[in-house]
K.L.:
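Got a structure for you, written out below as structure tokens; questions coming shortly.
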Amino acid sequence: MQQAPFSLTSPRVQRILYPALVALVLLGSWQALVTGFKLPPYLVPSPLLMFQTLVTDWQSLGGSLLVTLKITLLSFALATLIGVLISFLFVQSRKIETALFPYAVLLQVTPIVAVAPLIIIWVKDPTASLVLCAALVALFPIISNTTLGLRSIDPDLQSYFVMNRASRLQTLWRLRIPSALPYFFGGLRISSGLALIGAVVAEFVAGTGGAATGLAYQILMAGYQLNIPRMFAALLLISLAGVGLFALMAWLTKLALGSWHASELARD
């Protein structure tokens, strides 16, 4: 029996309804605790005050959101391009991967707050330096997942390609890339969030003011001015941006894999 598209028992509706109910409970509890204990706004603002601040300060917060999203998307695109190219290089030879993969791990374990000041000094353009810092944070999941996917191919299919004397390019295009797509999109979901984190951290380290400032600068200024409702409003925008990026990557995954891969065809 086919379910109605907006039925409460529909998995699609439940994926939206259940998190929304949890959010309402958490926000209601937060509002009740702040009101009940009469907590001052400079300590913990209520959700209502936070949303009011978001509306009244939208002109500055909205502009900062666009700046942060610009850096995030540019760094995410750069990390994806470089990560895929490096993965293609790794899959050509085990010796190349063995020689270079430790340096990819080195990028992952090096704190961005330690190298960001150097990058900001070396790269004179502020936007380019922030994009580079955020891209370094988002790069490793693309390399790791895509390389794993390119190597996770069916041995029988690989033997079939060898038997038919397929070239490296044909094997890469027709066998390795389709096999790697689920891993690649899994890396995108992780990397998109890391790109946002890297952008915010880089903005914190840069600490630049002016008209084109990101949400991190708004948080810093709100903290200096003890404008905690505005700080919470900026944090809310960062969180919503992260959720939006993850939802976009999930939609792209569904679009690319929904008609053939088991991970997207499975039903509850």
K.L.:
Before giving the answer on side chain to side chain contact (heavy atoms under 4.5 Å, CB included), spell out for Q170 and L175 the whole-Å C-alpha distance, their side-chain angles and the decisive distance to 0.1 Å.
P.N.:
CA-CA 8 Å; Q170 289 174 327; L175 178 60; over 6 Å; no
K.L.:
Would a single hydrophobic cluster contain both W251 and L257, if residues Ile, Leu, Val, Met, Phe, Trp and Tyr are joined by side-chain heavy-atom contacts under 4.5 Å?
P.N.:
yes
K.L.:
Got a list of side-chain donor-acceptor pairs under 3.5 Å for residues 19-34, not counting sequence neighbours?
P.N.:
from : atom 1 : to  : atom 2 : distance (Å)
S29  : OG     : V25 : O      : 2.8
W30  : NE1    : P45 : O      : 3.2
Q31  : OE1    : L48 : N      : 3.2
Q31  : NE2    : T35 : OG1    : 3.4

K.L.:
Can you see which heavy atom on F76 is nearest to which on S192, and at what distance?
P.N.:
CE1-N, 3.6 Å
K.L.:
Between V55 and L237, is there a shared hydrophobic cluster once you connect ILVMFWY residues whose side-chain heavy atoms come closer than 4.5 Å?
P.N.:
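Result: no, two separate clusters.
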K.L.:
Counting N and O atoms only, with roles assigned by atom type, does the side chain of S144 sit under 3.5 Å from a partner on the main chain of F140, one being a donor and the other an acceptor?
P.N.:
no
K.L.:
State, to 0.1 Å, how close A234 and I219 come at their nearest heavy-atom pair, and which atoms those are.
P.N.:
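Heavy-atom minimum between the residues: CB-CG1, 3.6 Å.
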K.L.:
Find the distance between CG (L240) and CG (L245) and round it off to the nearest 0.5 Å.
P.N.:
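If we round to the nearest 0.5 Å, L240:CG and L245:CG are 11.0 Å apart.
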K.L.:
Output the distance between atom CG (L139) and atom CD1 (I86), rounded to the nearest 0.5 Å.
P.N.:
5.5 Å
K.L.:
Test side chain to side chain contact (heavy atoms under 4.5 Å, CB included) on F232 and L49; report intermediate values, then the result.
P.N.:
CA-CA 10 Å; F232 271 69; L49 179 58; over 6 Å; no
K.L.:
Quick one: do the T253 and R189 side chains pair a donor with an acceptor below 3.5 Å?
P.N.:
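Indeed, the side chains of T253 and R189 share at least one donor-acceptor pair under 3.5 Å.
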K.L.:
How many angstroms lie between OG1 in T146 and CG in L181, if you round to the nearest 0.5 Å?
P.N.:
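Rounded to the nearest 0.5 Å, the OG1-CG separation comes out at 9.5 Å.
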K.L.:
For G198 and A134, work out which heavy atoms get closest and say how close.
P.N.:
C-CB, 3.7 Å
K.L.:
Do I143 and V105 share a hydrophobic cluster (ILVMFWY, side-chain heavy atoms under 4.5 Å, transitive)?
P.N.:
yes
K.L.:
With distance as the sole test, does N164 use its side chain to make a donor-acceptor pair with the main-chain N or O of A166 at under 3.5 Å?
P.N.:
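Answer holds: no.
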K.L.:
With rounding to the nearest 0.5 Å, note down the distance linking CG in L220 to CE in M231.
P.N.:
8.0 Å
K.L.:
Identify the heavy atoms of L236 and F51 that sit nearest to each other, and give their distance.
P.N.:
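Answer, listing the atom of L236 first, then F51: CD2-CE2, 3.5 Å.
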K.L.:
Quick one: do F161 and R174 satisfy side chain to side chain contact (heavy atoms under 4.5 Å, CB included)? Show the steps, please.
P.N.:
CA-CA 10 Å; F161 273 70; R174 299 186 178 184; 4.0 Å; yes
K.L.:
For E203 and Y217, indicate whether the former's side chain and the latter's backbone hold a donor-acceptor pair under 3.5 Å.
P.N.:
no
K.L.:
Going by heavy atoms in the side chains, are L150 and S179 under 4.5 Å from each other?
P.N.:
no
K.L.:
Find the distance between OG1 (T68) and CG (L130) and round it off to the nearest 0.5 Å.
P.N.:
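Reported value, rounded in 0.5 Å steps: 9.5 Å.
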K.L.:
Check whether any side-chain N or O of S64 sits under 3.5 Å from a backbone N or O of T213 as a donor-acceptor pair, and report yes or no.
P.N.:
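Pair found, side chain donor or acceptor close to backbone of T213.
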K.L.:
Please check if the number of heavy atoms outside Q225 that lie under 6.0 Å from its CD is greater than 12.
P.N.:
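Check passes, neighbour count above 12.
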K.L.:
Less than 4.5 Å apart, any side-chain heavy atom of V205 and any of C133?
P.N.:
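With C-beta onward as the side chain, the pair stays apart.
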K.L.:
Going by the rule salt bridge (charged side-chain N to carboxylate O under 4.0 Å, His left out), which residues pair with R151 if we only count those two or more places apart in sequence or in a different chain?
P.N.:
E97
K.L.:
Going hydrophobic residue to hydrophobic residue with side-chain gaps under 4.5 angstrom, can you get from M221 over to M50?
P.N.:
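Yes.
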K.L.:
Ignoring hydrogens and geometry, is there a side-chain-to-backbone donor-acceptor pair from R168 to Q92 under 3.5 Å?
P.N.:
yes
K.L.:
Restricting to non-hydrogen atoms, name the atom on W173 and the atom on P178 that form the minimum distance, rounded to 0.1 Å.
P.N.:
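Smallest heavy-atom distance, with atoms named: O-CD, 3.5 Å.
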K.L.:
Quick check against the 3.5 Å criterion: does S60 have a side-chain atom that pairs as donor or acceptor with the backbone of D57?
P.N.:
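Yes; judged by distance alone, with no hydrogens or angles, the pair exists.
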K.L.:
If you compare all heavy atoms of W58 against all heavy atoms of L65, which two are closest, and at what distance to 0.1 Å?
P.N.:
CH2-CD2, 4.3 Å
K.L.:
With side chain to side chain contact (heavy atoms under 4.5 Å, CB included) as the test, would you mind laying out the steps for T80 and F184 before giving the verdict?
P.N.:
CA-CA 10 Å; T80 302; F184 170 69; 4.0 Å; yes
K.L.:
Side chains of L61 and L54: closer than 4.5 Å at any heavy-atom pair?
P.N.:
yes
K.L.:
Same cluster or not: I190 versus I112, using hydrophobic residues (I, L, V, M, F, W, Y) connected whenever any side-chain heavy atoms lie under 4.5 Å apart?
P.N.:
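Same cluster: I190 reaches I112 through Ile, Leu, Val, Met, Phe, Trp or Tyr contacts under 4.5 Å.
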K.L.:
Taking atom CZ of F246 as the centre, report whether more than 12 heavy atoms of other residues, nucleotides or ligands fall under 6.0 Å from it.
P.N.:
no
K.L.:
Looking at CG of L215 and CG of L196, how far apart are the two atoms once the value is rounded to the nearest 0.5 Å?
P.N.:
8.5 Å
K.L.:
Quick one, V44 and I228 - any side-chain contact, counting heavy atoms below 4.5 Å?
P.N.:
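No, every pair of side-chain atoms sits at 4.5 Å or beyond.
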